[in-house]
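Below is one structure, written out as structure tokens; comments come after it.
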Amino acid sequence: MSELYIRVAEDENEEPMEIPSEDDGTVLLSSVAAQFPGACGLRYRNPESQCMRGVRLVEGVLHAPESDWGNLVYVVNYPKDNKRKMDEIDAASAVKIKRGFQKTSDLIVLGLPWKTTEQDLKDYFTTFGEVIMVQVKRDAKTGNSKGFGFVRFTEYETQTKVIGQRHMIDGRWCDCKLPNSKACPDEPMRSRKIFVGRCTEDMTTDDLRQYFMQYGEVTDVFIPKPFRAFAFVTFADDQVAQALCGEDLIIKGISVHISNAEPKHNNSRQMMDRGRFGAGGSYYLRIHCLFILLHRKFIYG
DNA sequence: GTTGAGCGTT
């Protein structure tokens with residue numbers, strides 16, 4: 001006669017949970033998945049060989065290894081993709097932890113001489129610390145400088161020092177400030193899709209997919225044609241998307257800006273969120289997202 | 001072919 005329940009755990013050392021068996025002694029995979037979402041099978045340690053063995057699975061039905069399930073603890077199998085997803089979430093949270101509140105931002109450089117090039121900027125700012133990005137903004141048609149640009153440093157300390165003083169560059173006094181895009185971050189919204197602003201034309205969908213994979217499973221990349229300097233990237237997990245919103249990321253040497261995909265208007269859901277959390281709510285929601293990522297890391301190791 | 005406060009081809 002079969003057991004009424006078998007013991008199942010996520011890990012051999014975890015507290016097992018009792019899962020009901022069917023009248024014929026089998027266990028439905030759906031019964032396991034009801035307690036362990038995403039489960040695709042079971043395994044157990046063979047007491048004789050001390051090796052892990054898989055439980056026979058036929059069309060959603062798990063069959064006892066011997067005549068019955070015995071007193072073993074069965075361990076849940078998850079698809080490889082699921083495991084990879086967890087690793088990616090760890091990677092995303094690791095990025096957050098590493099950066100903490102000391103992360104650097106792009107700085108706008110105002111008052112550049114018309115003749116100043118990116119090489120000039122890099123040469124100048126490298127005297128303060130390691131530079132990871134410089135840009136001189138130019139007129140698309142003429143190529144003339146617009147008299148301002150952007151710089152980003154590796155070290156937060158360098159950024160602080162650079163903001164705190166004026167700069168004589170090629171004979172003119174220039175100022176470095178945090179750009180406006182940093183001052184008012186976009187309102188949060190629970191979307192799996194992010195808007196990637198300031199893309200360049202040489203960024204392919206493959207480039208973007210390859211880059212964003214490090215944060216989580218990417219389910220779609222969309223680049224409008226003709227070229228419009230932005231793209232959309234969709235993740236499998238909205239928490240990964242949300243965690244990236246507001247970031248300036250460097251892809252192929254270019255600083256792109258991440259924000260929520262949907263525009264602020266024509267979205268009633270977002271209006272509701274804004275009403276509930278108020279104007280300053282975005283900060284707390286982002287902390288909340290980070291907290292969720294850390295919590296998962298705690299649970300899944 | 002110019003210019004001199006600003007904010008990065010949404």
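Values in this document were obtained by computation on a predicted structure and should not be read as measured data. Every chain is numbered from 1 and lettered A, B, ... according to where its sequence line falls, protein lines coming before strand lines. The analysis underlying the following values was restricted to heavy atoms, covering all of them including side chains, and did not include hydrogens, waters or symmetry mates.
- A:R7 pairs by the salt bridge (Lys or Arg N to Asp or Glu O under 4.0 Å) definition with nothing, not counting sequence neighbours.
- Pairs engaging residues 17-50 of chain A under the ring-ring contact (aromatic ring centres under 6.0 Å, His included) rule: A:Y44-A:Y74 [sequence neighbours left out].
- With sequence neighbours excluded, the residues satisfying salt bridge (Lys or Arg N to Asp or Glu O under 4.0 Å) with A:D207 are A:K252.
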Give the B/S/- string for nucleotides 4-9 of chain B, one per nucleotide from 5' to 3', where a protein heavy atom under 4.0 Å of the base yields B, of only the sugar-phosphate yields S, and otherwise -. BBBBBB
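- Near DNA chain B, defined here as any heavy-atom distance below 4.0 Å, there are no residues from residues 116-130 of chain A.
- Legend: residues meeting salt bridge (Lys or Arg N to Asp or Glu O under 4.0 Å) with A:D220, ordered by chain and number and at least two apart, are absent.
- Residues that satisfy the side-chain contact (heavy atoms from CB on, under 4.5 Å) test with A:A34, not counting sequence neighbours, are absent from this structure.
- Looking at residues two or more places apart in sequence or on another chain, you find a side-chain contact (heavy atoms from CB on, under 4.5 Å) between A:K225 and A:I223.
- Residue pairs that meet the salt bridge (Lys or Arg N to Asp or Glu O under 4.0 Å) test with at least one member in residues 161-181 of chain A, sequence neighbours left out, are A:R166-A:D175.
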